[in-house]
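As structure tokens, the structure follows; a few thoughts come after it.
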Amino acid sequence: MRHPQDISVPVIVSATTATQGLVSMAMLTLPAIAPMVAAEMELPSTLIGAQISLFFIVATVSALFGAQVVRRYGGVRTSQIALFLLTIGLGLAAFETLLLLVAGSVLMGMAYSLPNPASAHLLVKFTPVKWRNFVFSLKQTGVPLGGMLAGLCAPALASAYGWRAPLLVSALLSVAMIVAFQAVRREWDRDHEPKFPVARLPAAAMRIVLVSRPLRLMAAVGMILAAAQFCLTTYLVILLVEELDFSPVDAGLVLAAVQVTGMVGRLLWGIVADRIGSNAALKMIAACAVLLCLGLPSAAHLNPWLVPAIMIGLGATLNAWNGVFLAEITRHVDDSQVGEATAIILSGTYFGVVIGPPLLGIAVYGIGSFAMGYYVMALTLMAVLALLINANTRLGVDPQSNVRLD
């Protein structure tokens with residue numbers, strides 16, 4: 001048997017990043033062509049958009065079982081299962097029926113919950129600790145990259161060949177990735193446990209998180225950061241167009257820029273975290289985001305054209321924390337339990353996506369301004385700082401390293 005260090009790290013990272021990108025692209029394909037789908041199915045566009053909420057509700061529940069799937073089938077087979085569910089979900093969504101659209105969204109939500117615990121299991125097993133923050137951050141660039149591909153390609157394909165075309169292209173790419181994974185499945189999944197039960201409640205995995213103070217705190221951190229991240233992207237265009245009189249085209253360019261800076265930011269923060277520690281990097285991310293959120297309402301009042309610059313800065317923070325966060329989880333758990341801890345914590349993270357935008361929407365309704373709503377985001381991000389400080393000072397962790405002292 002080959003030693004883990006003999007496995008090519010670039011191959012592992014490329015495979016997990018591609019999987020993450022395909023799932024992200026599939027998630028955002030329907031919203032990217034929502035007007036065309038709505039017109040064809042004679043539904044309001046907002047109902048097509050609600051697919052995202054259903055998507056993450058399903059992901060919140062199914063993520064609880066992700067680690068058990070990884071233990072039974074291995075990281076590669078779990079990735080293949082996710083891509084298979086994605087393919088079937090996209091196929092169902094391509095039918096002109098609301099019921100099948102809902103069923104397809106459920107399957108895609110299940111698929112979305114699997115790649116992170118699967119890739120965490122593989123990356124921890126095959127990559128050196130000294131590269132861990134960068135490697136996890138590099139893998140997470142698949143999320144904004146998939147979003148960019150959906151935004152750029154889906155409308156063009158739908159306009160040229162009909163709204164089903166981008167769904168079918170995504171499905172074909174997923175099938176191709178399933179086939180590519182088969183070549184390495186036996187070697188990469190040598191540690192899978194064929195008799196490990198999948199259907200039972202993940203009590204053991206929950207216990208790993210519940211008995212560990214740092215993991216409990218990281219679960220709260222992930223929930224808040226995910227809520228803030230999706231609040232940024234959900235209300236960005238609305239703020240710029242409805243409140244600051246930007247054109248839809250200009251607002252769309254700002255949204256694209258936020259995705260790009262998020263992708264670049266993930267890589268840069270990964271490099272920073274490998275030097276100063278993942279906890280310290282997360283604190284820097286949260287502190288920068290707090291300052292930017294506090295400055296946005298004043299910028300909107302003084303000169304609306306300052307707001308895109310702040311939004312782009314938020315893209316490099318609120319859209320760039322994910323890889324360092326996943327690497328931080330690995331600091332507080334044995335390598336053999338990384339997949340289980342990641343799955344349970346990400347269930348809470350997905351729940352943050354579900355509740356974050358509606359809660360901010362309620363706050364904005366009371367305040368009367370989307371710009372002023374960024375003060376609310378700043379307050380919640382201050383809570384992230386407090387949680388991270390508490391995590392490092394009370395757990396016997398050297399703040400300058402990624403090594404546990406306990």
Side-chain angles (χ1 to χ4, degrees), residues 23-24 27-28 31 46 49-64 105 108-109 112-113 116 140 143-144 147 216-240 242-243 254-255 258-259 262 265-266 282 285-290 292-294 296-297 310-311 313-326 329 344-388:
V23 174
S24 178
M27 175 189 72
L28 294 172
T46 52
Q51 175 240 4
I52 292 292
S53 296
L54 174 61
F55 196 96
F56 278 104
I57 289 170
V58 173
T60 298
V61 177
S62 57
L64 295 172
S105 297
M108 286 189 280
Y112 193 83
S113 68
N116 269 317
Q140 284 301 113
V143 177
R216 293 199 305 270
L217 294 176
M218 291 311 297
V221 166
M223 186 181 299
I224 296 171
L225 287 176
Q229 177 182 351
F230 273 78
C231 285
L232 171 67
T233 54
T234 298
Y235 296 117
L236 184 151
V237 172
I238 297 173
L239 167 63
L240 293 178
E242 296 186 2
E243 205 161 295
V254 175
L255 180 58
V258 166
Q259 296 294 329
R266 290 175 193 226
L282 285 170
I285 290 171
C288 291
V290 167
L292 290 167
C293 287
L294 289 174
L296 189 141
I310 293 177
M311 292 284 194
L314 286 170
T317 53
L318 290 182
N319 210 20
W321 56 275
N322 316 68
V324 177
F325 172 77
L326 291 173
I329 293 172
I344 298 301
I345 290 175
L346 285 179
S347 177
T349 300
Y350 298 146
F351 185 64
V353 175
V354 173
I355 66 172
L359 289 177
L360 182 62
I362 293 170
V364 166
Y365 180 79
I367 298 169
S369 166
F370 279 103
M372 296 295 286
Y374 278 80
Y375 284 138
V376 177
M377 288 179 61
L379 287 173
T380 60
L381 292 168
M382 288 178 188
V384 169
L385 272 173
L387 290 167
L388 289 169

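Keep in mind that this is a model prediction, so the values were computed, not measured.
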Worksheet, complete the sentence: Interatomic distance, CE@Met382 vs CD1@Ile224, rounded to 0.5 Å, equals 13.0 Å
Worksheet entry | Check against side-chain contact (heavy atoms from CB on, under 4.5 Å), Asn116 and Tyr350 | CA-CA 12 Å; Asn116 269 317; Tyr350 298 146; 3.7 Å; yes
Practice prompt. Indicate the atoms forming the closest heavy-atom contact of Gly373 with Leu360, along with that distance.
Written response: O-CD1, 3.7 Å
Worksheet item: Looking only at heavy atoms, which two atoms of Leu381 and Cys293 are closest? And how far apart?
Response: CD1-SG, 4.0 Å
Discussion item. The test is side-chain contact (heavy atoms from CB on, under 4.5 Å); show your working for Leu225 and Ile285 and say whether it passes.
Written reply: CA-CA 10 Å; Leu225 287 176; Ile285 290 171; 5.6 Å; no
Fill in: Met218 CE to Ile345 CD1 distance, which is reported to the nearest 0.5 Å
7.0 Å
Fill in: Heavy-atom closest pair, residues Leu255 and Thr233
CD1-O, 4.4 Å
Worksheet item: At their closest point, which heavy atom of Ser113 faces which heavy atom of Ala59, and how far apart are they?
Response: CB-O, 3.7 Å
Practice prompt. Check step by step if side-chain contact (heavy atoms from CB on, under 4.5 Å) holds for Met377 and Leu314.
Written response: CA-CA 11 Å; Met377 288 179 61; Leu314 286 170; 5.8 Å; no
Discussion item. Rounded at 0.5 Å granularity, tell me how far CD1 in Ile355 sits from CZ in Phe230.
Written reply: 13.5 Å
Worksheet item: Quick check: does any side chain N or O of Arg266 sit under 3.5 Å from a backbone N or O of Asn319, one acting as donor and the other as acceptor?
Response: yes
Discussion item. Is the shortest side-chain heavy-atom distance between Leu346 and Leu326 below 4.5 Å?
Written reply: yes
Fill in: Whether Phe56 and Tyr112 hold their rings parallel, tilted or perpendicular, with breakpoints at 30° and 60°
perpendicular
Worksheet, complete the sentence: Of all heavy-atom pairs linking Thr317 and Ala289, the shortest is OG1-CB, 3.9 Å
Practice prompt. Say whether, by atom type as modelled, one donor and one acceptor occur between the side chain of Tyr374 and the main chain of Pro297 under 3.5 angstrom.
Written response: no
Worksheet item: Considering residues, nucleotides and ligands other than Tyr235, do more than 12 of their heavy atoms fall under 6.0 Å from its OH?
Response: yes
Fill in: Donor-acceptor contact below 3.5 Å, side chain Ser347 vs main chain Thr60
yes
Discussion item. Less than 4.5 Å apart, side chain to side chain, heavy atoms only: is that true for Leu296 and Met311?
Written reply: yes
Worksheet, complete the sentence: Residues Gly315 and Leu232: closest non-hydrogen pair is N-CD2, 4.2 Å
Worksheet entry | side-chain contact (heavy atoms from CB on, under 4.5 Å) assessment of Leu292 paired with Leu318 | CA-CA 10 Å; Leu292 290 167; Leu318 290 182; over 6 Å; no
Worksheet item: Is Thr349 close to Phe325 at the side-chain level, that is, under 4.5 Å between some pair of heavy atoms?
Response: yes
